[in-house]
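Worksheet for the structure shown next.
Just so it is clear: chains get the letters A, B, ... in the order the sequence lines come, proteins before strands, and each one is counted from 1. Please read all numbers here as calculations on a predicted model, not as lab measurements.
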Amino acid sequence: MLTLEKRPHRSAFWTWAAPPVAVLLTILFGMVLFLILGKDPVIAIKAIFWDPVFGEFAFYYRPEIVKKAAPLVLIATGLAFGFRAGIWNIGAEGQYIIGAICGAGVALAFYPLEARWIVFPLAIVAGALGGMIWAAIPAILRIYFKTNEILVSLMLVYVAQVLITAFASGLLRSPDGHGFPGSRNLSQYSAAANLDLISGTGMHWGVVAALVAVLIAFFVLTRHQFGFDVRLTGQSPRAAAFSGINPNRLVLFSMALSGGLAGLAGIFEVTGPAGQILASFPKFYGFTAIIVAFLGRLHPLGILLAGLLMALTYIGGEVAQDNLQLPAAAILTFQGMLLFAILAVDTLTMYRLRRSRKEVR
Amino acid sequence: MTLLEISGLTKAYPGVVANKNVSFSIGKGEIHALLGENGAGKSTLVKTIYGLVRPDSGTMTMKGQPFTPTDPRAARASGVAMVFQHFSLFDALTVSENIALGMDNPPLRRDIAARIQEVSRTYGLPLDPMMVVGDLSAGERQRVEIVRCLLQSPELLIMDEPTSVLTPQEVSILFETLRLLSSEGTSILYISHKLEEIRTLCHHATILRHGVVVGTCVPKQTTSREMAELMVGATLQAPKRDHATPGTALLRLQGLSVPAPHEFGTALKDITLTVRAGEVLGIGGVAGNGQDELVAALSGETTVPDDMIEWQGKAIGRLMPNDRRALGLCAAPEERNGHAAAPDMTLTENALLTGRTRMQLANRGIIDWAKTREFAQTIIEAFDVRTPSTETNARSLSGGNLQKFVIGREILQRSRLLIVNQPTWGVDAAAAAAIRQSLLDLAAEGSAVVVISQDLDEILEVADSFAALTDGRLSPPVSTKGLSLDQIGMMLGGAHDMETAHVDA
């Protein structure tokens, strides 16, 4: 019999080894899954993990991976602060949507003004503020009424989804759209468009923002007082209070931070890859980012890698669907397995496996 | 006649041998002391006897029969009963309900109250079976546990640090009971590190150090000092102190009142107090009488209306902890792991935890880790904290070492007034002496020190004046010169025992 025995300390080895081991396990079990579906497992895995990066059509897929990873990394980096402090913003998806609506609204208000140096920055600021305000709602409710921020932030996602549908067919609907829902295409409005900085690389401003966010987050977590306060609050709330950290301020700061970054992701997405405010705009980046945050160990550099990996499974999944006719559900299952594996292997950071002998009574 | 004979008992845990070849025996009706510092292996040994731990090797015999309890139920069936240091009682239930819950074969509901009264009368343990446990004092709660044991007529009663939560009056009631039990033939295994108690109560003592029996003695014929030195394995130095004339008033509490933070917390009621520079004020009281709440109100974890706390004439009731630290008002709460220190953070990070303001460890929010590490290193060296490095997690330090670190951290930021709660709780004798000395040194340099402690000997050793904290109220401080333990006991609420006098009526 194998039993789990609690370790006296978190294992430093498994903290870092768990994600790669989990990926390997996922590949292994994924191969079994694809085998059962009657596909060549090696080709399927190659289609997901190899072809998008190094395959014949990689020149097309690589920018897609980068574009997909950027919002995930941006949102997850913000979430990592709150999660480390035990503040659970589950509603980044809503903040992402509201950020897109606010930013797009501001940009469209200037249409057709061709002054990029004023329209684009204002749209970005509006997007970040929108996300912040949307995230501040659960924070303030928690501070003053002791509501649960998990529930409130999650419920606000549904409100945001209804709002974007309403805006797409109402206030922000394109006058030139022949009555179809959907705003003007911002990626075709040159004063607001968020296009590749170097054509064909996928490097738009959102990617730059994600990289900058990772670097700043890394610095703040290791060198800044705020990062220390966040870590201390998460590890030991009473010691944090004794140290003099104001828990309410921390709740508001970290919620606003994650909301702001989610809002940024929203505005960069709606002015770039997505192009317009549409009911189909949400792509669950806000939820996937939660997985990315944990897969990346709530560490900025880990999140960067995890975001790229997650984006790879999306793009690779599409490749596998197109080339091997794998059902979409199989790809979702595969991604689910990844999360499952990371949780399972994670157990080893706090527990060790031990062969137990049967005790005789 | 020998009741329990233990020979060659060994129990090892990963990385540490808790008991190594331990042998001793307890006679019928004997009160046997098990003496040792924290971590000496006392707990493992009694847990083995009570069936909670199985030894790796060695034998136990009870009345000549092999004794190998597989669980506490089996141990109880053989006549072993144990009163733990931490009580396992339900606050919301009555005394008799609690007692019935803890028994293997509880008597009928209607009989139990009568039997509790009978036992409590026989052994002089005033206890009302109908009282709700949440309303009882620590001493009364302990009586509940003792009565529960006595109802099963044990042959061996194990008592783990029974007096740590009692007032002197409660201690003497307990000792009377134990002597009576002993005269009736019940053996008692008495675990403690309080030497005077052992000298007045126990017939024999076995002294453990690092899991090994290092000596046995007849306590009445041995001095406390000899026993302490056996226990510690070194010669001890009593703290040196000079009574300084107190200087200017640093801190003034004026009608400090704070509502209870939670259901089983204690409200602070109208506390008025002046603490002067150079003074060591001892605040005594049984745990749960408002100690934690008082520390929180002074450290700034709980804020209060501004004029309730005055610092050199300035109202500071609303200031947050770091603003108070900036003034020089520092604190060390009782719970080291998770309150005074973050267990999963390194000593360097823990140095930053309270040191950031006074030691200027951060500049515009940017932490100066090199300077912080230096500060941690200074604490470690100055206070002889045994740790591999500054990058060790607080959790892996022993209680005494972490306490030295926590106290050192506050003292070395040149605090003007330091409030410590239970500075030497669970700390070995050598470390405790070092901590007390450092508090006295701080006062000698002109800072004020407030020592909150349940250990009255400790207070008498370090404090210039003494005040009693009972049910959130603080008595006016009196000078400790010539103050007797008895007087202190009365201040601490001998009144509390009066409330239970109606039991016999």
*Give, as side chain, backbone, both or neither, the part of Glu335(B) having an atom under 4.5 angstrom from any heavy atom of chain A.*
side chain
*Name the region of Ala362(B), side chain, backbone, both or neither, that has any atom closer than 4.5 Å to a heavy atom of chain A.*
side chain
*Side-chain donor or acceptor of Asn322(B) paired with backbone N/O of Ser243(A) under 3.5 Å*: yes
*With a 4.5 angstrom heavy-atom cut-off, which part of Ala331(B) approaches chain A: side chain, backbone, both or neither?*
both
*Would you please test Cys330(B) and Arg358(B) for side chain to side chain contact (heavy atoms under 4.5 Å, CB included) and show each step?*
CA-CA 10 Å; Cys330(B) 299; Arg358(B) 282 184 85 71; 4.1 Å; yes
*Where on Met345(B) is there a heavy atom nearer than 4.5 Å to chain A: the side chain, the backbone, both, or neither?*
both
*chain A: which of Ser396(B), Pro333(B), Pro343(B), Ser299(B) shares the most heavy-atom pairs with it under 4.5 Å?*
Pro333(B)
*Quick check: are there more than 12 heavy atoms from other residues, nucleotides or ligands sitting under 6.0 Å from CZ of Arg352(A)?*
yes
*Asp368(B), Leu352(B), Asn393(B): which one forms the most heavy-atom pairs within less than 4.5 Å of chain A?*
Leu352(B)
*asked:* Would you say the rings of Phe294(A) and Phe83(A) are close, in the sense that their centroids are separated by under 6.0 Å?
replied: yes
*Got a donor-acceptor contact below 3.5 angstrom from the Arg84(A) side chain to the Leu298(A) backbone?*
yes
*Checking side chain to side chain contact (heavy atoms under 4.5 Å, CB included) against Leu298(B), which of Ile419(B), Asn421(B), Ile452(B) comes through?*
Ile419(B)
_Heavy-atom proximity to chain A below 4.5 Å, by part of Arg395(B)_ = side chain
